Amino acid sequence: MTDQLTAALAYAQENQGRFLEELIDFVSIPSISTDPLARPDILRAAGWLVDKLQDLGAKNVQIMPTPKHPVVYGEILEAGPGKPTVLVYGHYDVQPAEPLELWESPPFEPQCRGDYLYGRGASDMKGQMMTCFNAIQALEHTGGLGVNIKFLLEGEEEIGSPNLGQFVQDNRALLACDLAINPDTGMLGVEMPTITYGLRGLAYFEIRMSGPSQDLHSGLFGGTVHNPAQVLCELIAGMHDAQGRVTLPGFYDRVRAMDSDERKELARLPMGEAFYLEQTGVPALYGESGYTVTERVCGRPTLEVNGLLSGFTDEGQKTVLPAKSMAKISMRLVPDQDPEEVRQQMAKYLEAHTPPTVRWELIKHAGSFPSITDRQTPAVVAMSQAMEQVWGKRPVFKREGGSIPVVVHMQQHLGVESVVTGFGLPDDNLHAPNEKIHLPTFYRGIETMVRYFCILGEK
Ligand code: BES
Ligand code: MN
């Protein structure tokens with residue numbers, strides 16, 4: 001171990017309390033990107049990051065506007081042109097915290113209980129981002145960095161990064177780099193460092209059905225008017241067949257098959273049926289027949305109903321024939337599916353199957369492309385080494401069922417691969433009540449990033 005590495009690791013160890021306090025401060029900002037009322041908090045989180053980057057010694061720190069939420073940029077280029085430039089990606093926005101009554105402590109008043117810090121964004125991904133910042137700080141305080149760093153911190157990931165592709169394209173020169181580090185995924189278990197080499201894409205829609213011009217008495221009109229709730233439910237029911245396959249026309253046409261080597265590798269991951277039964281508490285699992293659960297999450301597309309609304313749902317009863325119904329539906333995509341093509345498939349399905357008794361509308365929300373990243377790049381090999389130094393074992397490689405749109409933007413516009421990894425755990429309750437981060441793993445994450453930047457800097 002070099003003297004600097006020893007000193008930086010000691011610094012990281014000694015400052016754990018301070019790092020935790022900073023994380024608590026960051027997580028207290030309710031930067032919910034989908035909520036228009038949270039705009040001031042989005043800007044507050046961006047401002048918080050500006051202070052943080054300046055504190056790290058970054059130069060050219062700026063809040064760069066986009067049509068919606070701004071990007072925070074900064075750079076530490078003191079290692080010089082002979083050294084690699086790493087683009088550190090992060091997102092400072094979070095998902096909504098509802099249902100609030102299920103939180104044991106308020107989502108934006110982070111609380112430590114046992115080994116965990118609870119709060120919305122603690123794991124996804126304010127804590128994850130902080131592992132990079134804290135590692136950079138440790139290195140800066142013990143002799144400086146051997147790599148150049150650029151920061152690209154966005155506020156729209158949780159709504160599908162609608163403006164980031166354009167932003168990256170427009171700022172190609174500013175963002176030019178050798179590799180990107182994207183710590184927005186996680187590990188399969190506390191003792192299982194993990195590198196993600198694939199992510200699913202997303203095509204998110206809202207379907208609105210309308211029938212009569214207003215709610216009707218179900219006795220006076222039942223039998224004469226087609227109920228939009230019924231119509232929508234029948235359409236949704238028809239979106240899967242009995243084998244759990246999605247029925248939209250052409251949906252599987254572009255799906256790349258997993259080869260037998262990959263299927264063998266996926267079979268070795270400790271995420272079989274027992275894992276999912278335990279993580280979810282369901283009485284039995286469901287999914288496309290012909291594939292294992294791991295394959296279904298990693299390498300097959302799916303369709304989910306994210307929300308349904310119609311008629312009377314308060315306490316008590318009301319005999320009503322609702323005027324409208326609405327569903328939020330999203331599809332997770334795998335290479336080489338295209339979110340725009342999937343929109344057309346959904347529109348075709350609705351055109352073909354919606355009866356003439358109602359009107360329908362298809363509204364498009366997030367669309368993002370699926371990705372596969374190269375597992376052999378020097379940047380991935382370096383991460384694998386850093387993880388082996390911390391955990392005493394090699395990381396596992398997995399494909400993730402979730403989505404991170406920027407990975408494809410960076411491939412397309414910057415020509416760089418991302419090292420996608422992270423220190424979250426499967427039971428962190430992402431997007432759910434009581435989101436938490438496991439602090440011992442967070443500290444190991446900081447150590448990993450210290451070692452990672454050192455390995456990259458040696459080259
Ligand atoms: N960090 C997650 C993605 C993720 C979750 C990776 C779990 C690995 C494990 C990310 O912030 C996320 O939730 N993305 C959204 C993106 C979507 C709105 C385009 C997602 O996957 O739902
Ligand atoms: Mn998320």
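Note that the structure is predicted; figures quoted are calculated from it, not measured. Both counts, for ligands and for their atoms, begin at 1 and track the order of listing. All residue numbers refer to positions in the sequence shown, counting from 1.
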*Work out whether the distance between some heavy atom of Met125 and some atom of ligand 1 is less than 4.0 Å.*
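It does not, in that no heavy atom of Met125 comes within the 4.0 Å cut-off of ligand 1.
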*What is the ring orientation for His365 with Tyr204, classed by angle as parallel under 30°, tilted 30 to 60°, or perpendicular over 60°?*
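Geometry flag for Tyr204 against His365: perpendicular rings.
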*Look at the aromatic rings of His413 and His409 and report parallel, tilted or perpendicular, splitting at 30° and 60°.*
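Taking His409 first and then His413, their aromatic rings lie parallel (interplane angle under 30°).
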*Distance under 6.0 Å and angle within 45° of the ring axis: does Arg444 meet both against Phe423?*
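No, Arg444 and Phe423 do not form such a contact.
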*Side chains of Glu157 and Tyr92: is there a donor and an acceptor less than 3.5 Å apart?*
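Absent: no donor and acceptor within the cut-off.
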_Side-chain H-bond candidate by donor/acceptor type, Tyr452 with Gln385, under 3.5 Å_ =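 There is no such pair between these side chains.
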Where's the contact between [X] and ligand 1, heavy-atom distance under 4.0 Å: side chain, backbone, both or neither?
X	answer
His431	side chain
Thr185	both
Asp184	both

Which atoms of ligand 1 have any heavy atom of [X] under 4.0 Å away?
X	result
Gly402	21 (O)
Arg332	20 (C), 21 (O), 22 (O)
Gly160	18 (C), 19 (C)
His91	11 (O)

*Where do Tyr118 and Ser105 come nearest, in terms of heavy atoms and distance?*
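Closest pair (atom of Tyr118, atom of Ser105, distance): CB-OG, 4.1 Å.
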Taking [atom] as the reference point, the nearest protein heavy atom with its distance:
atom	answer
atom 5 (C) of ligand 1	Leu430 CD1, 3.7 Å
atom 15 (C) of ligand 1	Ser403 O, 3.6 Å
atom 17 (C) of ligand 1	Leu202 CD2, 3.6 Å

*asked:* Below the 3.5 angstrom mark, is there an N/O of Gln95, backbone or side chain, next to an N/O of ligand 1?
replied: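 By distance alone, the answer is no.
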_If I apply the N/O under 3.5 Å rule, does Glu400 come out as touching ligand 1?_
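Between Glu400 and ligand 1, no N or O pair is found under 3.5 Å apart.
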Below 2.8 Å, any N, O or S contact between [X] and the Mn ion (ligand 2)?
X	result
His431	yes
Asp124	yes
Glu158	yes

_Quick check against the 3.5 Å criterion: does Lys364 have a side-chain atom that pairs as donor or acceptor with the backbone of Ala203?_
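Checked: no pair found.
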*Between Arg263 and Glu295, does at least one N-O distance fall below 4.0 Å, as a salt bridge requires?*
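Looking at Glu295 together with Arg263, the answer is yes, because their closest N to O distance falls below 4.0 Å.
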_Regarding Glu206 and Arg208, does a basic nitrogen lie under 4.0 Å from an acidic carboxylate oxygen?_
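Looking at Glu206 and Arg208, the cut-off is met.
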*Of Glu21, Lys52, Met130, which meets side chain to side chain contact (heavy atoms under 4.5 Å, CB included) against Phe26?*
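So, applying the side chain to side chain contact (heavy atoms under 4.5 Å, CB included) to Phe26 and each of Glu21, Lys52, Met130, only Met130 qualifies.
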